[in-house]
Amino acid sequence: MSKSNKHNELLSIKDQKSRRRSLLGAAFLMATSAVGPGFLTQTAVFTETLLASFGFLILLSIILDIGAQLNVWRIISVSGLRGQEIANKVLPGLGYVVAIFIVIGGLAFNIGNIGGTGLGMNVAIGLDPKVGAIISAALAIFIFLSKEAGTAMDRVVNILGAMLVLLIAYVMFVSQPPVGDAIYRTFVPLEIDVYAIITIVGGTVGGYITFSGGHRLLDAGISGKDSISEVNKTSYLGIGVASLVRILLFLAVLGVVMQGVALDPDNPAATVFQYAAGDIGYRMFGIVLWIAGISSVIGAAYTSVSFLRSFHSIFDKYHKYWIIGFILFSTIVYLVVGQAATLLVLAGAVNGLILPLTLGSMLFAAHNKKIMGDYKHPIWLTVFGAIVVILTAILGIRTLFQMVPQIF
């Protein structure tokens with residue numbers, strides 16, 4: 001083999017490894033973005049309320065998550081366009097509306113994520129929450145300052161995701177949950193809570209989360225009809241990792257509450273870890289909370305700024321610095337005014353409307369030849385997506401009307 005051919009072969013192997021790393025990174029970026037501090041609290045609260053029947057809601061939410069995410073990722077990949085660009089082609093100006101919603105929601109939740117990192121460090125090693133938040137923000141910023149920021153982000157979220165699964169799995173085994181009853185009630189529930197279903201669907205693929213991996217794939221140069229198979233597998237993996245964390249945490253909480261333990265309403269997930277594994281478990285919860293917070297900080301900042309990149313060259317050319325500015329601003333707001341409860345409440349209400357808006361525009365785009373060319377979008381995916389749009393729109397509007405009077 002000539003030196004030239006050998007060099008080309010080495011480059012090809014390197015490109016393949018880079019592509020696999022990007023695919024894996026996109027899946028874990030989506031999953032770890034979903035598993036934030038709110039995810040931990042929601043899962044604990046709903047498990048305490050619904051007990052083993054919450055398993056049915058998790059199963060149903062996984063199906064809806066797949067319907068939402070497969071649509072979004074396939075359409076982004078085939079079109080080669082970001083979410084806001086697709087929305088603008090469907091209806092001029094809609095992309096700007098979507099971007100505003102995404103950025104405001106991402107910013108508000110990022111304040112909570114920063115707060116979660118600080119609280120996590122406080123629980124794990126006794127550090128002052130504000131100092132912990134500053135250190136965490138600095139670590140996130142360091143990732144985006146690196147020369148290969150995308151590759152660094154992929155590696156970090158992969159490691160954090162694996163650690164999260166292992167830590168929660170340990171507590172689940174220690175808590176000795178009634179697995180048989182959980183499996184049975186997953187298919188034969190005693191109670192069904194529609195609000196809980198939509199809440200956890202929104203928490204897994206709502207807002208910026210469903211676009212995080214799709215936009216990451218575009219930035220890594222993975223797009224076009226030829227990449228559909230890889231995109232599908234990556235999407236399933238992202239949903240799978242987030243769902244695995246949800247299931248493990250559900251079983252851990254179930255094992256504790258079935259022993260008659262009442263969860264602390266101020267920090268329900270912490271109660272589970274502490275009861276199951278004592279002081280070590282409580283420290284472990286601090287690590288879990290920190291991982292959930294820092295990974296969501298990375299995902300929220302990266303994806304929120306990606307929604308601005310196509311609107312002006314200044315956002316695209318200096319996107320790393322806009323991401324850093326996003327993290328800095330979130331941290332400053334947290335340090336000055338705390339987690340801004342009112343802002344988070346309003347963002348939560350608005351976030352309920354983001355998924356039907358974004359997914360709805362994606363479904364219109366899927367059957368627009370000017371956007372998708374000769375690509376034929378599967379009817380079953382369109383129906384799946386339409387169901388998610390209708391359900392989340394109804395509850396999102398209802399939630400908004402409930403939340404706004406509380407604020408004003």
**Prompt:** Where do N368 and K89 land on the side-chain contact (heavy atoms from CB on, under 4.5 Å) test, with the steps shown first?
**Reply:** CA-CA 10 Å; N368 187 327; K89 285 183 176 292; over 6 Å; no

**Prompt:** Where do T382 and H367 land on the side-chain contact (heavy atoms from CB on, under 4.5 Å) test, with the steps shown first?
**Reply:** CA-CA 9 Å; T382 302; H367 301 280; 2.8 Å; yes

**S330/L107 under side-chain contact (heavy atoms from CB on, under 4.5 Å): CA gap, chis, key distance, verdict** = CA-CA 6 Å; S330 303; L107 187 61; 3.4 Å; yes

**Item:** Stepwise side-chain contact (heavy atoms from CB on, under 4.5 Å) test for L249 and M172
**Value:** CA-CA 7 Å; L249 185 58; M172 185 273 291; over 6 Å; no

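Heavy-atom neighbours of F311 CZ from other residues, nucleotides or ligands within 6.0 Å: above the threshold of 12. By the neighbour-count criterion of 12 heavy atoms within 6.0 Å, atom OH of Y375 is densely surrounded, having more than that number from other residues, nucleotides or ligands. At most 12 non-hydrogen atoms from other residues, nucleotides or ligands lie less than 6.0 angstrom from CD of Q176.
The two residues V305 and H319 have their closest heavy-atom pair at CG1-O, 3.9 Å. The two residues A44 and P268 come nearest to each other via the heavy atoms CB-CB, 3.8 Å. In this structure, F56 and T186 approach most closely via the heavy-atom pair CD1-O, 3.2 Å. Taking each heavy atom of L94 and N88 in turn, the nearest pair found is N-OD1, 3.4 Å. Nearest approach of I62 to S243, heavy atoms of both residues: CG1-OG, 3.3 Å. Across every non-hydrogen atom of V171 and A276, the tightest pair is CG1-CB, 3.9 Å.
Between the side chain of K130 and the backbone N or O of L335, at least one donor-acceptor pair lies under 3.5 Å. For N110 (side chain) and G106 (main-chain N/O), no donor-acceptor pair under 3.5 Å exists by modelled atom type. Judged by distance alone, the side chain of E85 and the main-chain N or O of R82 form a donor-acceptor pair under 3.5 Å. Between the side chain of N122 and the backbone N or O of L127, at least one donor-acceptor pair lies under 3.5 Å. Under a 3.5 Å cut-off, the side chain of S79 and the backbone N or O of M372 do not form any donor-acceptor pair. When atom types are taken as modelled, the side chain of S295 and the backbone of T32 share a donor-acceptor pair closer than 3.5 angstrom. Between the side chain of T358 and the main chain of L355, a donor-acceptor pair closer than 3.5 Å is present. Of the possible polar contacts, one joining the N71 side chain to the L381 backbone as a donor-acceptor pair under 3.5 Å is found.
Residues R246 and D65 are not paired through a salt bridge, judged by the lack of any N-O separation under 4.0 Å between the basic side chain and the carboxylate.
In this structure, T303 OG1 and I209 CD1 are separated by 9.0 Å, a value rounded to the nearest 0.5 Å. A distance of 7.0 Å separates CD1 of I222 from OG1 of T234, quoted to the nearest 0.5 Å. With values rounded to the nearest 0.5 angstrom, L190 atom CG is found 8.0 Å from Y184 atom OH. With rounding to the nearest 0.5 angstrom, the OG1 atom of T117 is 6.0 Å from the CD1 atom of I294. Rounding to the nearest 0.5 Å places CG of L166 at 9.5 Å from CG of L248. Note: N232 CG to Q69 CD = 10.5 Å, rounded to the nearest 0.5 Å.
Just one of F307, Y302, W73 meets the ring-ring contact (aromatic ring centres under 6.0 Å, His included) condition when paired with H215; it is F307.
For the pair D374 and K369, the minimum side-chain heavy-atom distance is 4.5 Å or more. Taking the side chain as every heavy atom from C-beta outward, I76 and M362 approach each other to under 4.5 Å. You'll find the side chain of P378 reaches within 4.5 Å of the side chain of R74, heavy atoms only. At a threshold of 4.5 Å between non-hydrogen side-chain atoms, the residues I291 and I287 count as touching. Looking only at side-chain heavy atoms (C-beta outward), L70 and W380 come within less than 4.5 Å of each other. The shortest distance between side-chain heavy atoms of L167 and F285 does not fall below 4.5 Å. By the 4.5 Å heavy-atom criterion applied to side chains, L217 and V231 are counted as neighbours. The shortest distance between side-chain heavy atoms of Y321 and I314 does not fall below 4.5 Å.
Side-chain polar atoms of S33 and S296 form no donor-acceptor pair below 3.5 angstrom. Remark: the R185 side chain and the S53 side chain contain no N/O donor-acceptor pair separated by less than 3.5 Å.
Aromatic rings of F54 and F250 (six-membered ring for Trp) have centroids within the 6.0 Å cut-off, being under it.
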